[in-house]
Amino acid sequence: MKRKKERGVSNEEFMDKSKEFFKDADSIIVVGMDKDGFINTFYTQLSSTQVIGMVEIAKQQLIQETEV
(Lines give C-alpha, C1' and ligand atoms only; values in the text may rest on other atoms or scores of the structure.)
Protein backbone atom coordinates (compact mmCIF):
# COMPACT_ATOMS: atom_id res chain seq x y z
CA MET A 1 0.00 0.00 0.00
CA LYS A 2 2.92 2.32 0.76
CA ARG A 3 4.33 1.96 -2.78
CA LYS A 4 0.90 2.54 -4.29
CA LYS A 5 0.44 5.69 -2.21
CA GLU A 6 3.91 7.02 -3.09
CA ARG A 7 3.97 6.09 -6.80
CA GLY A 8 0.33 5.55 -7.73
CA VAL A 9 0.81 1.85 -8.40
CA SER A 10 1.98 -1.15 -6.39
CA ASN A 11 4.81 -3.40 -7.59
CA GLU A 12 2.27 -6.16 -8.21
CA GLU A 13 0.05 -3.89 -10.33
CA PHE A 14 3.09 -2.66 -12.26
CA MET A 15 4.24 -6.21 -13.00
CA ASP A 16 0.71 -7.29 -14.03
CA LYS A 17 0.47 -4.41 -16.54
CA SER A 18 3.99 -5.06 -17.80
CA LYS A 19 3.23 -8.77 -18.23
CA GLU A 20 0.50 -8.02 -20.75
CA PHE A 21 2.68 -5.55 -22.66
CA PHE A 22 5.68 -7.89 -22.88
CA LYS A 23 3.98 -11.27 -23.36
CA ASP A 24 5.20 -11.51 -26.99
CA ALA A 25 8.55 -9.75 -26.51
CA ASP A 26 11.75 -11.33 -27.82
CA SER A 27 13.82 -10.07 -24.89
CA ILE A 28 13.00 -8.74 -21.43
CA ILE A 29 15.22 -7.20 -18.76
CA VAL A 30 13.99 -6.63 -15.22
CA VAL A 31 16.04 -4.66 -12.69
CA GLY A 32 14.94 -4.21 -9.11
CA MET A 33 16.31 -3.07 -5.78
CA ASP A 34 15.35 -4.85 -2.58
CA LYS A 35 14.74 -3.22 0.81
CA ASP A 36 18.43 -3.61 1.70
CA GLY A 37 19.57 -1.72 -1.40
CA PHE A 38 20.79 -4.76 -3.34
CA ILE A 39 20.13 -4.54 -7.08
CA ASN A 40 19.23 -7.68 -9.02
CA THR A 41 18.89 -8.09 -12.77
CA PHE A 42 17.03 -10.83 -14.62
CA TYR A 43 16.80 -11.23 -18.38
CA THR A 44 15.51 -13.64 -21.00
CA GLN A 45 18.19 -13.00 -23.61
CA LEU A 46 21.15 -15.36 -23.86
CA SER A 47 23.43 -12.76 -25.45
CA SER A 48 25.13 -10.52 -22.88
CA THR A 49 25.94 -8.05 -25.65
CA GLN A 50 22.26 -7.62 -26.51
CA VAL A 51 21.36 -7.18 -22.83
CA ILE A 52 24.03 -4.48 -22.45
CA GLY A 53 22.73 -2.76 -25.59
CA MET A 54 19.17 -2.78 -24.29
CA VAL A 55 20.29 -1.29 -20.98
CA GLU A 56 22.18 1.45 -22.84
CA ILE A 57 19.09 2.30 -24.87
CA ALA A 58 17.00 2.37 -21.69
CA LYS A 59 19.53 4.81 -20.16
CA GLN A 60 19.28 7.09 -23.19
CA GLN A 61 15.48 7.00 -23.09
CA LEU A 62 15.47 7.92 -19.39
CA ILE A 63 17.92 10.77 -19.99
CA GLN A 64 15.73 12.11 -22.81
CA GLU A 65 12.65 11.94 -20.57
CA THR A 66 14.37 14.01 -17.90
CA GLU A 67 15.39 16.66 -20.45
CA VAL A 68 11.78 17.36 -21.47
Residues in side-chain contact (heavy atoms from CB on, under 4.5 Å) contact with Ser27, at least two apart in sequence or another chain: Thr44, Gln45, Gln50, Met54

With sequence neighbours excluded, residues passing side-chain contact (heavy atoms from CB on, under 4.5 Å) with Val31: Ile29, Ile39, Thr41

CG on Asn11 to CG on Asp16, rounded to 0.5 Å: 11.0 Å

Set of side chain to side chain donor-acceptor pair (under 3.5 Å) partners for Glu12, sequence neighbours left out: none

Shortest non-hydrogen contact from Phe14 toward Val9: N-CG2, 3.7 Å

Pairwise salt bridge (charged side-chain N to carboxylate O under 4.0 Å, His left out) hits with a residue in residues 42-55, at least two apart: none

Side chain to side chain donor-acceptor pair (under 3.5 Å): pairs with one or both residues in residues 58-68, sequence neighbours excluded: Glu56-Lys59

Pairs involving residues 20-30, ordered by first then second residue, that meet salt bridge (charged side-chain N to carboxylate O under 4.0 Å, His left out) (sequence neighbours left out): Glu20-Lys23

Listed partners of Lys19 passing side chain to side chain donor-acceptor pair (under 3.5 Å), at least two apart: none

Pairs involving residues 40-50, ordered by first then second residue, that meet salt bridge (charged side-chain N to carboxylate O under 4.0 Å, His left out) (sequence neighbours left out): none

Co-members of Ile28 in a cluster of I, L, V, M, F, W and Y side chains, linked at under 4.5 Å: Phe21, Phe22, Val30

Sequence neighbours excluded - salt bridge (charged side-chain N to carboxylate O under 4.0 Å, His left out) pairs with any residue from residues 27-37: none

